[in-house]
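Structure, as structure tokens:
No experiment lies behind these values; they were computed from the predicted model shown. We use all heavy atoms of the structure for the numbers below, so side chains are in, but hydrogens, waters and symmetry mates are not. Each chain gets a letter, A, B and so on, in the order its sequence line appears, and its residues count up from 1.
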Amino acid sequence: MDEKLKNSIREILRQAGLPGIDPVLREIPFKGQIGLAFSNVFQLAREAYPDAPKKELKQHAEELSEQIAAKLTELGEFDKVEAVKGYVNCFFNPDSFARDITARILDGGTDWGRREMSGGKVMVEYSQPNTHKAFHIGHVRNVCTGAALVRCFRYSGRNTLAANYYGDIGSHVFKSLWHLEKFHPDLKDAPDEPKERGRWLGNVYAKAQVELDESKNLLDNVWDLLKPLYRILKNALYDQKLTFGLFSYSPDLLDIAKNEIDLFENTSTEHQIRCIDHLARHAPVLLDRAINSDVVPYENHNWEPARVLTKKLLDIIGSVDFHQILTRPLELIAIADRWNLRDPDLINLWEKTKKWSFDDFYRIYDELGAAFDKEFYESEVEEEGLHIVNELVQMDIVTESSGAKIVEIDQRLHEKFDFPLKDKYRVAVLVRADGASLYGAKDLALAKRKFEDFGIDESIYVVGNEQKFYFQQLFQMLRLMGFPQWEKCYHLSYELVMLPSGKISSRSGQVILYDDVMNELKGRALDVVREKNPSLDENAKLDVADSVAIGSLIYGMLRVDTNKKIEFDFDEVLDFNGRSAPYIQYACARASSIARKAASEGIVIPDRVADSDFHADLQPVEIDLVGMLGKFPDIVRKVADDKKPIHLATYAYDLAVAFSDFYHQCPVLTAEPGILRNRLLLVRAVRITLDAALGLLGIKAPDVM
RNA sequence: GCGCCAGUAGCUCAGGGGAUAGAGCAACGGCCUUCUAAGCCGUGGGUCGCAGGUUCAAUUCCUGCCUGGCGCGCCA
């Protein structure tokens, strides 16, 4: 319809010798009327009369709109064409519009308006959970967004591959494995119930994180004492060579003595820990040797500050399990080494616990309506990533900096493409100083694989907004690699889900788990069903409660624009009133209820639209309802174009509102025969369209509530 | 310091170069002998963060500023 009207307007403009501007059409915003308005007549007037003074322009616009309205009236395609305040309003005939739309809906079912697949393939990567970590409420936003987007793409005719990329390896996994081996040998205290294992693993990870943080803090505290002590000793001894003598009984200590402190702080964690462990425990001996040594230059040297520091050190060492806590990171390093050697015991533990995480993920995806065509794993692109990094070293793109392999992106862009040197993309580290490949290296490999193995034309990453900078770096690195599709990569970012207490973080254990939210939602939904519809049988009640609970969570995630934070407020999510899934689901249940009641009264429910339908005058609410129905395919298209599921979430609610209006104002079953048939057709069309809209969002609509 | 995102009713948020800026929640007042009251109707509540600019037209676009969040070399 849009295009047809636009063409008519273009033709009119051409015949009248007016400038060929692109007509902008808007819906007519008045209740009870349906049609399109040509809204940029002012722009036309300005182009037709470029020199007209400002105050005359309005008059020109009005004259032009009247001329165009007259021409459009002649076409006879509209009920009425009006020129008002510089707009040209073209009103559709509500009856034929209703007939047309309901016929399309009833013929097409929930696929009505769906487009044929055409054009290239797009891959949408979403979810990307880390194994061995808790699946929390923040992850849900990603899953809902990605899954809805994939469905809207497909509905709009885009050939779409849904992909997931599991973080099944990396430092978080090593931390978990370390803790599992150390404190849960043979996993014998793990829960038997599969549903509980994900949570248990999440706790293990959080605990490992806490313990490693404790080590880090201890290390920092001790080092803060050792640094001044070291300086005192060094200054007190007039000859550095003699310092070496003092330290020389330990190679580690000699090492620290030779190095300046700054250099030492840049050495590997492993080396630092060994030295500091050693040094701290030997500090009193060192101090003693220094004091009693004949190399001290001044007889009356003030050793008091050194004694105080040593005393503090001894306090720390004495009060905690010093060596054990300090050397935890060394155990972690040992885990990584064993991983690199593919130690069978470790691999076995990894496989087993990884599966527990996956069991959890699949259960949750199933509930949220997410499905994947291709699943990638970090563990499978690790080697390829390192390989690419080596190639990039040959290409002088990757350089070395304190042992790590990095890309100085701005510098390389400047050299390769002669871009002005800026400080925009900064530096990306691909391989850590200890040789471990980082996410950047793996992502380069993955990006290549996506385009080369799957023949896609566009690659979308649904990833949180906090990684925006990283994705800019990633795409620029692909560009530096000479990877032409770098421009076809798109980071679809979404804002955080915040808890009232702040940012969600599975590292600090500051999380609300998916299962906890869902259980609470289901419980509350069940209470409401019991209260509102006690006559329903128990299984049906449980089904309704599930649909409502899951729908509420999904809708709660999608009703807010992706670039806005969601403050996760339990009470708000659990409130089933207002702009929520249950409201929309309730509208569906009522539509079904009308159909049920009609059937029980022996009324035949039409399943096709006949030419004789919709010849009685429609009520304004009915016209508005039909107008809402007609918009559905365009809305889904808009979701796909803008990559914003919120448009559809809003639409589903608006359609439910329009139906509720209709429901209250237009009785169906008691209407006269001709009107009865029209309304039954409308109810059916609404139910189908609501099902379709909710289905794309991932929400189920029950027949009873 | 630099970059990205946000600022619209008391609260949570839609919308977006054009006609009178909309919902939900909360508050108040109505509607169940008629298809499910998880609903409907009504009332009150707005300098669309501030200041400039572009335009026939700016809450929407541009610039600057203010406030808040996130990010900025070895986590992902």
Give one of base, sugar-phosphate or nothing for [X], where a contact means two heavy atoms less than 4.0 Å apart.
{"X": "A/Q128", "result": "nothing"}
{"X": "A/A37", "result": "base"}
{"X": "A/H647", "result": "sugar-phosphate"}
{"X": "A/Y663", "result": "base"}
{"X": "A/V704", "result": "base"}
{"X": "A/L438", "result": "sugar-phosphate"}
{"X": "A/K216", "result": "nothing"}
{"X": "A/S39", "result": "base"}
{"X": "A/N89", "result": "base"}
{"X": "A/D703", "result": "base"}
{"X": "A/K468", "result": "sugar-phosphate"}
{"X": "A/V529", "result": "base"}
{"X": "A/V544", "result": "base"}

Point to revise | First encountered from the 5' end of RNA chain B, between A/F30 and A/Y439 | key: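 Its nucleotide being nearer the 5' end, the pick is A/F30.
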Point to revise | Distance, nearest 0.5 Å, that separates OG1 of A/T650 from CG of A/L648 | key: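 Reported to 0.5 Å precision, the distance equals 8.5 Å.
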Check your understanding: To the nearest 0.5 Å, what is the distance between CG (A/L492) and NZ (A/K643)?
Key ->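 A/L492 atom CG to A/K643 atom NZ measures 7.5 Å (nearest 0.5 Å).
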Review point. What about A/N40, does its side chain sit under 3.5 Å from the base of B/A57 through a donor-acceptor pair?
Key: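 It does not, because no donor-acceptor pair links the side chain of A/N40 to the base of B/A57 below 3.5 Å.
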What is the separation between atom [atom1] on [X] and atom [atom2] on [N], rounded to the nearest whole Å?
{"X": "A/M498", "N": "B/G71", "atom1": "CE", "atom2": "C1'", "value": "14 Å"}
{"X": "A/I406", "N": "B/G73", "atom1": "CD1", "atom2": "P", "value": "11 Å"}
{"X": "A/D168", "N": "B/A76", "atom1": "CG", "atom2": "P", "value": "12 Å"}
{"X": "A/Q472", "N": "B/C5", "atom1": "CD", "atom2": "C1'", "value": "12 Å"}
{"X": "A/Y653", "N": "B/G24", "atom1": "OH", "atom2": "C1'", "value": "6 Å"}
{"X": "A/M705", "N": "B/C35", "atom1": "CE", "atom2": "P", "value": "18 Å"}
{"X": "A/K424", "N": "B/G73", "atom1": "NZ", "atom2": "P", "value": "17 Å"}
{"X": "A/Y555", "N": "B/A38", "atom1": "OH", "atom2": "C1'", "value": "15 Å"}

Taking [Y]'s backbone N and O only, do any of them form a donor-acceptor pair with [X]'s side chain (distance below 3.5 Å, no angle check)?
{"X": "A/D410", "Y": "A/K424", "answer": "yes"}
{"X": "A/R684", "Y": "A/I605", "answer": "no"}
{"X": "A/R141", "Y": "A/C144", "answer": "no"}
{"X": "A/S357", "Y": "A/H132", "answer": "yes"}

Spacing of the [atom1] atoms in [M] and [N] (rounded, Å):
{"N": "B/A57", "M": "B/A76", "atom1": "C1'", "result": "48 Å"}
{"N": "B/G17", "M": "B/C61", "atom1": "P", "result": "7 Å"}
{"N": "B/G29", "M": "B/G44", "atom1": "C1'", "result": "11 Å"}
{"N": "B/C56", "M": "B/A19", "atom1": "C1'", "result": "15 Å"}
{"N": "B/C70", "M": "B/A38", "atom1": "P", "result": "41 Å"}
{"N": "B/U67", "M": "B/C28", "atom1": "P", "result": "38 Å"}
{"N": "B/A14", "M": "B/U63", "atom1": "C1'", "result": "27 Å"}
{"N": "B/G22", "M": "B/A9", "atom1": "C1'", "result": "11 Å"}

Review point. Can A/I550 and A/K700 be said to form a side chain to side chain contact (heavy atoms under 4.5 Å, CB included), step by step?
Key: CA-CA 8 Å; A/I550 295 165; A/K700 288 195 188 96; 5.8 Å; no
For a quick check under 3.5 Å, do [X] and [Y] share a side-chain donor-acceptor pair by atom type?
{"X": "A/Y205", "Y": "A/N130", "result": "no"}
{"X": "A/E495", "Y": "A/N465", "result": "yes"}
{"X": "A/S535", "Y": "A/N533", "result": "yes"}

Taking only distance into account, with no hydrogens and no angle test, what donor-acceptor pairs under 3.5 Å do side-chain atoms of residues 22-38 of chain A form with protein atoms, sequence neighbours excluded?
residue	atom	partner	partner atom	Å
A/D22	OD1	A/R10	NH2	2.9
A/E27	OE1	A/K631	NZ	3.4

Exercise for review: Would you verify whether the NZ or CZ of A/R590 falls within 45 degrees of the ring axis of A/Y663 while also being under 6.0 Å from that six-membered ring's centre?
Suggested key: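 That pair qualifies as a cation-pi contact.
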Exercise for review: Output, in order, the C-alpha distance, side-chain angles, deciding distance and verdict of side chain to side chain contact (heavy atoms under 4.5 Å, CB included) for A/S547 and A/M705.
Suggested key: CA-CA 10 Å; A/S547 303; A/M705 273 179 78; over 6 Å; no
Just the atom pairs and distances: protein N or O near nucleotides 7-13 of chain B's N or O, under 3.5 Å.
residue	atom	partner	partner atom	Å
B/G7	OP1	A/K564	NZ	3.1
B/U12	O2'	A/E572	OE2	3.4
B/C13	OP1	A/K565	O	3.3
B/C13	O2'	A/R579	NH1	3.3

Practice item. State whether A/N577 places a side-chain N or O below 4.0 Å from either non-bridging phosphate oxygen (OP1 or OP2) of B/G39. Key: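 For A/N577, the contact criterion (side-chain N or O under 4.0 Å from OP1 or OP2 of B/G39) is met.
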**Study point:** Any A/N465 side-chain nitrogen or oxygen under 4.0 Å from OP1 or OP2 of B/C5
**Key:**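 So the side chain of A/N465 is outside the cut-off, no N or O lying under 4.0 Å from OP1 or OP2 of B/C5.
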Practice item. Name all residues meeting the side-chain contact (heavy atoms from CB on, under 4.5 Å) criterion together with A/E56; count only those two or more places apart in sequence or in a different chain, and write none if there are none. Key: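 A/P53, A/H60.
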Review point. Parallel, tilted or perpendicular for A/Y377 and A/Y166, by the 30°/60° rule?
Key: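 Ring orientation, 0 to 90° scale: parallel.
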Exercise for review: Within residues 581-591 of chain A, find the residues that approach RNA chain B with a heavy atom at under 4.0 Å, and present them sorted by residue number.
Suggested key: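 Heavy-atom cutoff 4.0 Å gives A/Y583, A/Y586, A/A589, A/R590.
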Check your understanding: Does B/G52 adopt a syn or an anti glycosidic conformation, taking syn as a chi angle within 90° of 0?
Key ->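 Because its glycosidic torsion lies more than 90° from 0, B/G52 adopts the anti conformation.
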Check your understanding: When syn is taken as a glycosidic angle within 90 degrees of 0, is B/C32 syn or anti?
Key ->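 Judged by the O4'-C1' to base torsion, B/C32 sits in syn, the angle falling within 90° of 0.
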Point to revise | NZ/NE/NH1/NH2 to OD/OE distance under 4.0 Å, A/D220 and A/K216 | key: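 Looking at A/K216 together with A/D220, the answer is yes, because their closest N to O distance falls below 4.0 Å.
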**Study point:** A/D703/A/R687 ion pair, N-O < 4.0 Å
**Key:**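 A/R687 and A/D703: salt-bridged.
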Review point. For RNA chain B, what are the stems built from at least three Watson-Crick or G-U pairs in a row, each pair having both distances below 3.5 Å?
Key: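 Looking at RNA chain B, the stems formed by three or more consecutive pairs are B:1-7 with B:66-72, B:10-13 with B:22-25, B:27-31 with B:39-43, B:49-53 with B:61-65.
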Short N/O separations, protein against nucleotides 41-45 of chain B, under 3.5 angstrom:
residue	atom	partner	partner atom	Å
B/C41	OP1	A/D661	OD1	2.9

